[in-house]
Amino acid sequence: MAAQCVTKVELTIACTNLLDKDVGSKSDPLCVLLQNTSGQQWYEVDRTERIKNSLNPKFSKKFLIDYYFELVQKLQFGIYDIDNKTIELSDDDFLGEFECTLGQITAEEVKDNRVVLFEVEARKLDNKDFFGKSDPYLEFHKQTADGNWVMVHRTEVIKNNLNPVWRPFKISLNSLCYTDMDKPIKVECYDYDSDGSHDVIGSFQTTMSKLKEASRSSPVEFECINEKKRQKKKNYKNSGIVSVKHCEIIVECTFLDYIMGGCQLNFTVGIDFTGSNGDPRSPDSLHYLSPDGVNEYLTAIWSVGMVIQDYDTDKMFPVFGFGAQIPPSYQVSHEFPINFNPSNPFCNGIQGIVDAYRACLPQVRLYGPTNFSPIINHVARFAAAATQQQTASQYFILLIITDGVITDLDQTRTAIVNASKLPMSIIIVGVGGADFDAMEFLDGDNGVLRSSSGEPAVRDIVQFVPFRKFQNSPKEALAQCVLAEIPQQVVNYFSTFKLQPPKNPAANNRGKRE
């Protein structure tokens, strides 16, 4: 399989003098990046974190996108004041937007796959709070060619603690120091304040050459210096000690490394055959086949399947229906093979799926309810079995096409949270004009999805897209949007569990300390 030659670029986002839309406090901005490669259809690429109470935010989250020299890649940066927990941005205050092409802006090319793993703690930090103790967090900054400092990472805030231990984190080596081991790195320690007026505790400068000497038995330690206090106090010593307990450079595989190294993407389709779709014989039905033999279900299968099939060598795809009464006894089933062959539910290629769907349609009775969890749990069982192989050999993608409101929301939330621990992603395409709020809720882009018992998903594995948003767009646009998150989800899963591609010649060197 020939891999297209692509350059990765990294975008760092900061804003100044934003509109203040909040009464009694400041705006809580978030930046969303949209891309437009053809026609008028914009699709969301990624979002930054939300920063509370700031009109001059510096976002820690970077945008990593593919750069194609031969294409005009239109970008739109939208800034919103986020005051609720919904994923939809239409209910948030719009602060402004900026459109440009990727070629017009200064982006950093990412040529290096190395990342730095850190474990950092501090002790005896200055107390900046009258009531309670400081709420410290760290910011890492790199120095640009013109001498300016750019923030590359912000840790979480540790509340009420002068001896904080931050969660382990990673920063790409390119982001941290342009891969130059002797380039200055500035680390600042702040006391977090909810009104956005964070107090500087202190700072220090170092280099990767110094940082990578750290080990758990012999940490590298730095005095945190507050320049204002040092100038005022004669006997000033420091404002605390920051201790780097672990600093390790590893090479992180890319999505193409996994694919070229033998990782198989296993594609499964789930099709909604519930009664709310309407009688397939009626032109009003979402399952009605137009004179040229297509409908929204088939269009979604074609556009997504045509991309994914290139990553699956045998091109045999299991396809299941749910919410229908099926022959011979016409019992309701939420997990039936559309070829009616439970021992071999596979369809040969995307055309095989289309043929099986057309043959199945007149044989089933559309019914209900709309239950997702049986099909999610079905694919999860295969994904769980694949984890026994100890290599990045298989990843599972479930495409669910549905017309509406989900019935078993609690069971589906639990199924997704369980699946988030497995090599698996879920794409939901909503057809028709129903209320898809529950689907947006399952797509955890703006907050962590939790099971009914409160257990959080370990990673975001659901991507929801309403089909009608792409009705008048080029056929590639839907696939681009629904598959945009898959490469990063694959990389995140395998890197988290330190799994290497089965045929990676560099595997012996991966993950080793440099």
Side-chain angles (χ1 to χ4, degrees), residues 7-16 29 31 33 46-49 51 54 56-65 67 77 102 105-122 136-157 166-190 192 198 200-214 219-227 239 242-252 254 488 495 513-514:
T7 299
K8 289 274 186 193
V9 295
E10 184 181 80
L11 305 180
T12 301
I13 310 299
C15 307
T16 55
C31 178
L33 171 61
D46 209 348
R47 299 180 184 193
T48 64
E49 76 278 18
I51 294 183
S54 179
N56 301 287
K58 294 178 180 177
F59 297 103
S60 172
K61 170 77 179 280
K62 310 293 179 190
F63 292 138
L64 193 65
I65 57 178
Y67 170 66
F77 299 87
L102 185 52
I105 58 180
T106 305
E108 287 179 11
E109 185 177 354
V110 179
K111 296 178 178 176
D112 197 297
N113 292 346
R114 287 176 293 175
V115 297
V116 190
L117 309 180
F118 283 102
E119 291 177 23
V120 183
E121 56 189 53
Y137 68 91
L138 298 177
E139 284 186 358
F140 284 69
H141 300 253
K142 71 173 170 191
Q143 194 170 36
T144 61
D146 55 11
N148 292 323
W149 293 99
V150 175
M151 185 187 57
V152 296
H153 184 80
R154 183 187 289 122
T155 67
E156 81 277 19
V157 175
W166 287 281
R167 286 195 300 264
F169 56 92
K170 66 183 179 182
I171 310 174
S172 87
L173 191 62
N174 187 71
S175 291
L176 188 59
C177 60
Y178 301 104
T179 72
D180 180 345
M181 297 295 161
D182 298 314
K183 198 158 187 63
I185 296 165
K186 182 165 73 172
V187 182
E188 294 180 325
C189 184
Y190 287 90
Y192 174 85
H198 314 307
V200 176
I201 294 175
S203 67
F204 61 89
Q205 287 190 28
T206 183
T207 63
M208 263 313 299
S209 294
K210 179 68 176 169
L211 287 167
K212 67 179 191 167
E213 293 172 6
V220 173
E221 299 197 327
F222 301 92
E223 287 188 295
C224 209
I225 303 298
N226 186 311
E227 284 301 332
S239 295
V242 174
S243 179
V244 179
K245 306 276 293 223
H246 184 66
C247 176
E248 180 183 8
I249 300 172
I250 65 166
V251 179
E252 202 169 62
T254 65
Q488 200 53 47
S495 63
R513 184 174 175 141
E514 293 199 346

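For the numbers below, each heavy atom of this structure counts, side chains included, while hydrogens, waters and symmetry mates do not.
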(message) Walk me through whether Lys245 and Glu121 qualify under salt bridge (Lys or Arg N to Asp or Glu O under 4.0 Å).
(response) CA-CA 7 Å; Lys245 306 276 293 223; Glu121 56 189 53; 3.7 Å; yes
(request) Give the intermediate values and the outcome of side-chain hydrogen bond (donor to acceptor under 3.5 Å, both in side chains) for residues His141 and Glu188. (result) CA-CA 8 Å; His141 300 253; Glu188 294 180 325; 3.2 Å; yes
(request) Report the C-alpha separation of Arg154 and Glu139 in whole Å, then their side-chain angles, then the decisive distance to 0.1 Å, and conclude whether the salt bridge (Lys or Arg N to Asp or Glu O under 4.0 Å) test is met. (result) CA-CA 5 Å; Arg154 183 187 289 122; Glu139 284 186 358; 3.2 Å; yes
(request) Could you give me the CA-CA distance, side-chain angles and deciding distance for Tyr137 and Cys189, then say whether side chain to side chain contact (heavy atoms under 4.5 Å, CB included) is met? (result) CA-CA 6 Å; Tyr137 68 91; Cys189 184; over 6 Å; no
(request) Would you check, one step at a time, whether the test side chain to side chain contact (heavy atoms under 4.5 Å, CB included) holds for Ile201 with Tyr190? (result) CA-CA 5 Å; Ile201 294 175; Tyr190 287 90; 5.8 Å; no
(request) Please lay out, stage by stage, how Ser209 and Asp182 fare under the test side-chain hydrogen bond (donor to acceptor under 3.5 Å, both in side chains). (result) CA-CA 6 Å; Ser209 294; Asp182 298 314; 2.8 Å; yes
(request) Apply side chain to side chain contact (heavy atoms under 4.5 Å, CB included) to the pair Ile249 and Val115, showing each step before the final yes or no. (result) CA-CA 6 Å; Ile249 300 172; Val115 297; over 6 Å; no
(message) Assess the residue pair Phe77 and Ile13 against the criterion (side chain to side chain contact (heavy atoms under 4.5 Å, CB included)); give the C-alpha distance rounded to whole Å, side-chain angles, the decisive distance to 0.1 Å, and a yes or no.
(response) CA-CA 9 Å; Phe77 299 87; Ile13 310 299; 3.7 Å; yes
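Between Pro219 and Val244, every side-chain heavy-atom pair lies at or beyond the 4.5 Å cut-off. In this structure, Leu211 and Ile185 have side chains that are in contact, with non-hydrogen atoms separated by less than 4.5 Å. By the 4.5 Å heavy-atom criterion applied to side chains, Glu221 and Phe204 are not counted as neighbours.
In this structure, the separation between CD on Glu252 and CG on Leu117 is 8.0 Å, given to the nearest 0.5 Å. The structure places CD1 of Ile171 at 9.0 Å from CE of Met208, a figure rounded to the nearest 0.5 Å. Atom CG of Leu64 and atom CG of Leu11 lie 8.5 Å apart (nearest 0.5 Å). Note that CG of Asn113 is 10.0 Å distant from NZ of Lys8, once rounded to the nearest 0.5 Å. If you take OG1 on Thr48 and NZ on Lys58, they are separated by 15.0 Å, rounding to the nearest 0.5 Å. The structure places CD of Glu248 at 12.0 Å from NZ of Lys170, a figure rounded to the nearest 0.5 Å.
Remark: side-chain polar atoms of Thr206 are not paired, donor with acceptor, to backbone N or O of Lys210 under 3.5 angstrom. Without hydrogens or angle criteria, Glu10 side chain to Phe63 main chain gives no donor-acceptor distance under 3.5 Å. Checking side-chain atoms of Thr155 against main-chain N and O of Leu138 turns up a donor-acceptor pair under 3.5 Å. A donor-acceptor pair under 3.5 Å is formed between the side chain of Trp166 and the backbone N or O of Glu156. In this structure, Glu49 contributes its side chain and Ser60 its backbone to a donor-acceptor pair below 3.5 Å.
With a 6.0 Å cutoff to the six-membered ring centre and a 45° limit on the axis angle, Lys142 counts as a cation-pi contact of Tyr178.
Using bins of under 30°, 30° to 60° and over 60° for the plane-to-plane angle, the ring pair His198/Tyr192 lands in the parallel bin. Note: Phe118 and Phe169 have parallel aromatic rings, judged against thresholds of 30 and 60 degrees for the angle between ring planes.
No side-chain donor-acceptor contact under 3.5 Å links Ser172 and Asn174.
The neighbour count for Lys186 NZ, taken as heavy atoms of other residues, nucleotides or ligands under 6.0 Å away, is above 12.
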